[in-house]
Amino acid sequence: MISGRKLWNKEARAGVLFASPVIAGYLIFVLGPMIASFIFSLSEYNVISPLKFIGFSNYTNLIDGTDPLFYKSLGVTAYYVILSVPLQILLAFMVALLLNHPIKGKTFFRTIFYMPTIVPAVASSMIWLWLFDPDLGLLNQLLKVFGISGLQWIYSENLAVPSLVLMSLWTIGGTMVIFLAGLQGIPRHLYESVEVDGGNWLHKLFFITIPLMTPTIFFNLVMGFIGSFQVFGQAYIMTQGGPNNATLFYSYYLYREAFEFSSMGSASAIAWVLFIVILGLTMMVFKTSALWVYSESEGKR
């Protein structure tokens, strides 16, 4: 008979063995690069010359405004996040509500709304470059019908970020699918009880659907913040940070420091500041979730 200790040791060894590829992958591709980037952030390093330790100078140069593009990129990214995240969540939730009803062809419409999320970033950026073209773009051609003309879209300092926010709404399919999963998990008898009490669709929405969907909204909110703060492809492919740094997103600013100016030390410091900003924002959202996220077992969290 095998003792419990020996059995546990055998099971533990087997567990570690099967988990070892994941553990190795985490150490090599996540933890290792993070440690290396933190060391780089405390150094002056341009890939060619040897590492030169300079302490927290890279961080102080960012905070004291030595490089004015740091605060510019942070402000542009915050502006994008504030506009895009609420709009994406609201639109995805509305679409999910519509597609959750037993309408004809709903499978087709779900597919149509999800498809843009699997289009490669370069391909979608090229499509939107044509749509945003001030002279031949489809958007300006449509607006001419309503007497609106001459919009410069991504070529205007004032409209560049809102234009990219509009573009981001094209890829709400992933968020929509998560909302659909949450909606389909709401028990049908709760809606029936509202109907018995004489409630209409507004009562169902505000007293059943939205409260029970707050955990899903919370998840999408956190993921939306994390993803939006790391926006990069649009600036890299479509605007190169222009016009006049109007779309100099933080990740694109980091990319330029690292791969255009070969300032790996400064770029690593910029990356760690981004990590701290996202971590702080995520913790804040988690902290406030107790006020509005509903749990069936305990009411509000």
Within-4.5 Å side-chain heavy-atom neighbours: Lys287 and Met284
no
Below 4.5 Å, heavy atoms only, C-beta onward: do Phe219 and Thr216 meet side chain to side chain?
no
Over all heavy atoms of both residues, which pair between Lys106 and Leu99 is shortest? Give the atoms and the distance, please.
CD-O, 3.9 Å
Could you tell me whether a side-chain N or O of Asn61 sits under 3.5 Å from a main-chain N or O of Thr66, the two making a donor and an acceptor?
no
Are the side chain of Ser49 and the backbone N or O of Tyr45 linked by a donor-acceptor pair below 3.5 Å?
no
Rounded to the nearest 0.5 Å, what separation is found between the OG atom of Ser57 and the NZ atom of Lys52?
9.5 Å
Heavy atoms, side chains only, cut-off 4.5 Å: are Leu205 and Leu97 in contact?
yes
Donor-acceptor check, side chain of Ser43 to backbone of Gly265, threshold 3.5 angstrom: yes or no?
no
Say whether, by atom type as modelled, one donor and one acceptor occur between the side chain of Gln240 and the main chain of Ile237 under 3.5 angstrom.
yes
Checking Phe286, Phe225, Tyr294 against Phe218 for ring pair (Phe, Tyr, Trp, His ring centres under 6.0 Å), the one that qualifies is Phe286
Is a side-chain donor or acceptor of Thr288 paired with a backbone partner of Val285 at a separation under 3.5 angstrom?
yes
If you define the side chain from C-beta out and look only at heavy atoms, does anything of Ile278 sit under 4.5 Å from Gln230?
yes
Just say parallel, tilted or perpendicular for the rings of Phe93 and Phe179, cut-offs at 30° and 60°.
perpendicular
Flag for Thr214-Trp292: side-chain donor and acceptor within less than 3.5 Å:
no
Would you say the ring centers of Tyr250 and Phe229 fall short of 6.0 Å from each other?
no
Do any N or O atoms from the side chain of Asn220 and from the backbone of Met223 form a donor-acceptor pair under 3.5 angstrom?
no
Decide side chain to side chain contact (heavy atoms under 4.5 Å, CB included) for Ile54 and Leu42; before the verdict, give the C-alpha distance in whole Å, the side-chain angles of both, and the deciding distance to 0.1 Å.
CA-CA 6 Å; Ile54 58 172; Leu42 303 176; over 6 Å; no
Ring centroids only, cut at 6.0 angstrom: are Tyr236 and Phe249 within range, meaning strictly under it?
no
Please give me the minimum heavy-atom distance between Phe40 and Leu51, naming the atom from each residue.
CD2-CD1, 3.7 Å
Student check: side-chain heavy atoms of Tyr155 and Pro243 closer than 4.5 Å
no
Show the nearest heavy-atom pair for residues Ala267 and Glu257, with the distance to one decimal.
CB-CB, 4.0 Å
Could you measure the distance from the CG atom of Asp197 to the CD atom of Glu192? Nearest 0.5 Å is fine.
12.0 Å
In terms of heavy-atom contacts, Met213 and Leu183 come closest through SD-N, 3.5 Å
For Gln88 and Ser168, test the side chains for any donor-to-acceptor distance below 3.5 angstrom and give the result as yes or no.
yes
Is there a path of hydrophobic side-chain contacts, each under 4.5 Å between heavy atoms of I, L, V, M, F, W or Y residues, that connects Met34 with Val22?
no
Quick one: pull up OG in Ser251 and CD in Gln234 and give me the separation to the nearest 0.5 Å.
10.5 Å
Side-chain donor/acceptor of Gln152 to backbone N/O of Asn158, under 3.5 Å
no
At their closest point, which heavy atom of Leu27 faces which heavy atom of Pro33, and how far apart are they?
O-CD, 4.4 Å
Using a 4.5 Å cut-off on heavy atoms from C-beta on, say whether the side chain of Leu190 contacts that of Leu212.
yes
Please name the pair of heavy atoms, one in Asn140 and one in Pro134, separated by the smallest distance, quoted to 0.1 Å.
ND2-O, 2.9 Å
Check each of Leu151, Leu139, Thr239 against Phe132 using the side chain to side chain contact (heavy atoms under 4.5 Å, CB included) test, and report the only one that passes.
Leu139
Would you confirm whether Ser124, through its side chain, and Ala121, through its main-chain N or O, come within 3.5 Å as a donor-acceptor pair?
yes
Assign the ring pair Tyr252 / Tyr255 to parallel, tilted or perpendicular, where the plane angle (0 to 90°) is split at 30° and 60°.
parallel
Atom pair CZ (Phe113) and CH2 (Trp170), whose distance is rounded to the nearest 0.5 Å
13.0 Å
What's the spacing between Leu69 CG and Leu62 CG if we round to 0.5 Å?
11.0 Å
Exam field: side chain His101 to backbone Leu98, donor-acceptor pair closer than 3.5 Å:
no
Just wondering, do Pro21 and Tyr26 contact through their side chains at under 4.5 Å, heavy atoms?
no
Side chain to side chain contact (heavy atoms under 4.5 Å, CB included) assessment of Met167 paired with Met238:
CA-CA 11 Å; Met167 176 182 170; Met238 300 174 68; 3.5 Å; yes
Report whether Ile276 and Phe70 are members of the same hydrophobic cluster (ILVMFWY, side-chain heavy atoms less than 4.5 Å apart, transitive linking).
yes
How many angstroms lie between CD1 in Ile208 and CZ in Arg188, if you round to the nearest 0.5 Å?
11.0 Å
Donor-acceptor pair, distance only, cut-off 3.5 Å: does the side chain of Asp133 make one with the backbone of Leu136?
yes
Does one hydrophobic cluster hold both Tyr191 and Trp201, with members joined at side-chain heavy-atom distances below 4.5 Å?
yes
For residues Tyr253 and Asp67, is any side-chain donor paired with an opposing acceptor at under 3.5 Å?
yes
More than 12 non-hydrogen atoms from neighbouring residues, nucleotides or ligands closer than 6.0 Å to CZ on Phe56, yes or no?
no
Starting from Val47, can I reach Phe38 by hopping between I/L/V/M/F/W/Y residues whose side chains sit under 4.5 Å apart?
yes
Might you confirm whether atom CZ of Phe206 has over 12 heavy atoms from other residues, nucleotides or ligands at distances under 6.0 Å?
no
Walk me through it: do Leu180 and Arg110 pass the test side chain to side chain contact (heavy atoms under 4.5 Å, CB included)?
CA-CA 10 Å; Leu180 271 174; Arg110 288 176 182 178; 3.8 Å; yes
Could you walk me through whether Leu159 and Ile154 satisfy the side chain to side chain contact (heavy atoms under 4.5 Å, CB included) test, starting with their C-alpha distance in whole Å, then the side-chain angles of each, then the deciding distance to 0.1 Å, before giving a yes or no?
CA-CA 6 Å; Leu159 291 178; Ile154 58 174; over 6 Å; no
Check: Tyr80 and Val76 side chains under 4.5 Å, non-hydrogen atoms:
no
Counting heavy atoms not belonging to Tyr71, are there more than 12 under 6.0 Å from its OH?
yes
